[in-house]
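As structure tokens, the structure follows; a few thoughts come after it.
Residue numbers begin at 1 in each chain, while the letters A, B, ... track the order of the sequences. A quick note: this is a predicted structure, and the numbers were derived from the prediction, not measured.
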There are 2 protein chains.
Amino acid sequence: MFTLDQIRSFIAVAEELHFGRAAQRLNMTQPPLSRQIQKLEKAVGVRLFERDNRKVVLTIAGTAFLEDARSLLGSAEQAPITARRVARGQAGLLRIGFTAASGFSILGQLLAVVEDALPDVDIDLREMVTREQLAALSAGELDIALARPPVDHKHFSSRLLQTEALRLVAPERHPLTELERPIEGKDLSGMPLIMYSPLSARYFYDLAIRHAPIQHGNVAHTVSQIVTTVSLVAAGRGVAFVPESASRLGIEGVRHLQLPASADHAVELHAIWRRGQRNPAVHVLLDAVAKNSTFDAPKA
Amino acid sequence: MFTLDQIRSFIAVAEELHFGRAAQRLNMTQPPLSRQIQKLEKAVGVRLFERDNRKVVLTIAGTAFLEDARSLLGSAEQAPITARRVARGQAGLLRIGFTAASGFSILGQLLAVVEDALPDVDIDLREMVTREQLAALSAGELDIALARPPVDHKHFSSRLLQTEALRLVAPERHPLTELERPIEGKDLSGMPLIMYSPLSARYFYDLAIRHAPIQHGNVAHTVSQIVTTVSLVAAGRGVAFVPESASRLGIEGVRHLQLPASADHAVELHAIWRRGQRNPAVHVLLDAVAKNSTFDAPKA
DNA sequence: CCTCACTGATGCCCGGAGTGCATGATGTTT
DNA sequence: AAACATCATGCACTCCGGGCATCAGTGAGG
């Protein structure tokens, strides 16, 4: 097999068509250059130059080999540059998990920041519920998660990205929409409630419990996705707690009602990554997010 | 700069994730392999493996570099193969010149042979008159010409590819079409004749002269392309000599008339190449043409 | 808790490949 | 015919890469 140095030598001779000048360009003397070319020709198995004592010309095979040689050398020079960029987090792949709800609140802004700060990083987006994201982080299948607390800080680090208000969503013309004040827990007494699964949507389950202690029997449905929740409300199946940004879904036939002030920043979204995280792009992204204005709660 | 051997070593370690086994696969011992990887990391400027005394894993940069390394090594292995194929004439580029007339007689069959015998050879086709082709051959701008005699055998070699009959083409309902016998020179006495340029179409000029000695004054036009000739005949401007295959042009309003037997194989087409020709594909093509049935004159 | 086995890193020496200098072979120019 | 130009070759030296022996750190098992 040949050497990259031989490739470099070959290119120089092919361009100069003169061993002496090529040697000069390569900062060496002519004799070893002649020998390198001979070795290369032996390795390739073809005569690359037609040379007598007066002139040097590329053979047809040499012309063909020159193309490959140039691209080979180009790749050889590019590869380390790429590797260094990846090491600095300026290139490579970033696998981002997100919950369906964060998809219509923060994801757009976040991707704009990524586009700007990490133009050469490929982004792999995967929608999963919080629990799945944490499992994927542990398995090394995800670099960063956009998910809900709680976070196990033994294995993960996190940063609060955004808070938004919790709201109550009710069908249009529902009695609650008549009240011209924040809805309180007792207002919901006896009303059918669309509830969250304590397994797949633990965070919203807990939030709902906190704002409207559930009496046995008023849970109309149990779901795990915000979109499903709002759709069921629109269908008149009950009322439900949703984050403020859910109004962006644009589902017709529902009203978003205010809750007491305690609910104003109740819904948190965190960026979460595994401790001992290997992908430098994660930290570049986090830094970019930190510098780049805060991600405010969306105005409905 | 790194070495291709280091790339090979890196790939082995990346695949085995174990220096000992990788070394075994590379037919070497572990210590020099460790050092090669260290050198490679220094050359690339990035740590490629995260390794403690218990396990070896690729870093993110290493993962990125592995892709480039594989393609680099693949190219390095492919390049000599390509060069050897080019040297044997099985790949590369073949620049073929042809006259407009050969375009509608032999070119199709020839290209079919090329396709079959030289599948990996790129074909560059250029239409030129014979004189231009010979000049292009001399200048090294053409590898092979499909052209008419005479050939200067001091500088060129040639092979007869095809002979076809010379015919007379006349407008429909022309008095000559009434004759139910081969047309002779004296039949043309006083008739307007579409003649060829002695400069650009020397071969057909000579043929025409031989079959119908020209009296002063009966040359209606002087052209250099068969297509132009037949078009002028169709327009009623006169009669002309054309090769048999010109009937393939499908130009309406003309009749192709037989000449005496001496004209039956009068039109020759040769493959011509420069002596000391460098492109091996030329000879591969000529051999393929020789083996592959003769190129018969087209049946009108 | 200690020992052993495993794994990658390091020290040392040797053989071979690459380099430079001097020179050869050959064709061109004056 | 002599001088020149150009690529090839002989020779000595240096340095790189490889193998052998060994070190150092870690996890498993008694």
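In this structure, B:Pro31 and B:Asn53 both approach DNA chain D, and ranking their closest nucleotides by distance from the 5' end singles out B:Pro31. Ranked by how close their nearest DNA chain C nucleotide is to the 5' end, A:Arg35 and B:Pro32 are led by B:Pro32.
Rounded to an integer number of Å, the gap from A:Gln6 CD to C:dA17 P is 12 Å. Atom-to-atom, CG of A:Asp52 to P of C:dT28 comes out at 7 Å; the value is rounded to the nearest Å. What separates CD of A:Gln24 from P of C:dG20 is a distance of 13 Å, to the nearest Å. Atom CD of B:Glu16 and atom C1' of C:dC6 are 17 Å apart (whole Å). Rounding to whole angstrom units, CE of residue A:Met28 and C1' of C:dG18 are separated by 8 Å. Rounded to an integer number of Å, the gap from CD of B:Gln36 to P of C:dG8 is 16 Å. Distance NZ (B:Lys55) to C1' (C:dG8): 13 Å, rounded to an integer number of Å. Spacing between atom CZ of B:Phe19 and atom C1' of C:dA9 amounts to 9 Å, rounded to whole angstrom units.
Of the charged side-chain nitrogens involved, none lies within less than 4.0 Å of a carboxylate oxygen, so that A:Lys291 and A:Asp287 do not count as a salt-bridged pair. Under 4.0 Å is where a charged nitrogen must lie from a carboxylate oxygen, and between B:Glu141 and B:Arg126 no such pair does.
Put simply, the side chain of A:Arg84 gets close to the backbone of B:Val44: a donor and an acceptor are under 3.5 Å apart.
Between A:Phe49 and A:Phe10, the angle of the ring planes lies from 30° to 60°, which puts this pair in the tilted group.
Between B:Leu146 and the choices B:Thr99, B:Leu161, B:Ile272, the side-chain contact (heavy atoms from CB on, under 4.5 Å) rule is met once, by B:Leu161. The residue from A:Asp124, A:Asp143, A:Asn279 that alone fulfils the side chain to side chain donor-acceptor pair (under 3.5 Å) condition with A:Arg95 is A:Asp143.
If you check every strand for non-hydrogen atoms under 4.0 Å, B:Gln30 touches a base. Counting any heavy atom pair closer than 4.0 Å across all strands shown, A:Arg51 reaches sugar-phosphate atoms only and no base atom.
Summarising the geometry of B:Tyr205 relative to B:Tyr196, their closest heavy-atom pair is CD1-O, 3.1 Å, with the distance given to 0.1 Å.
Counting 5' to 3', DNA chain D first comes under 4.0 angstrom of a heavy atom of chain A and last does so at the ends given by D:dA5 to D:dC11.
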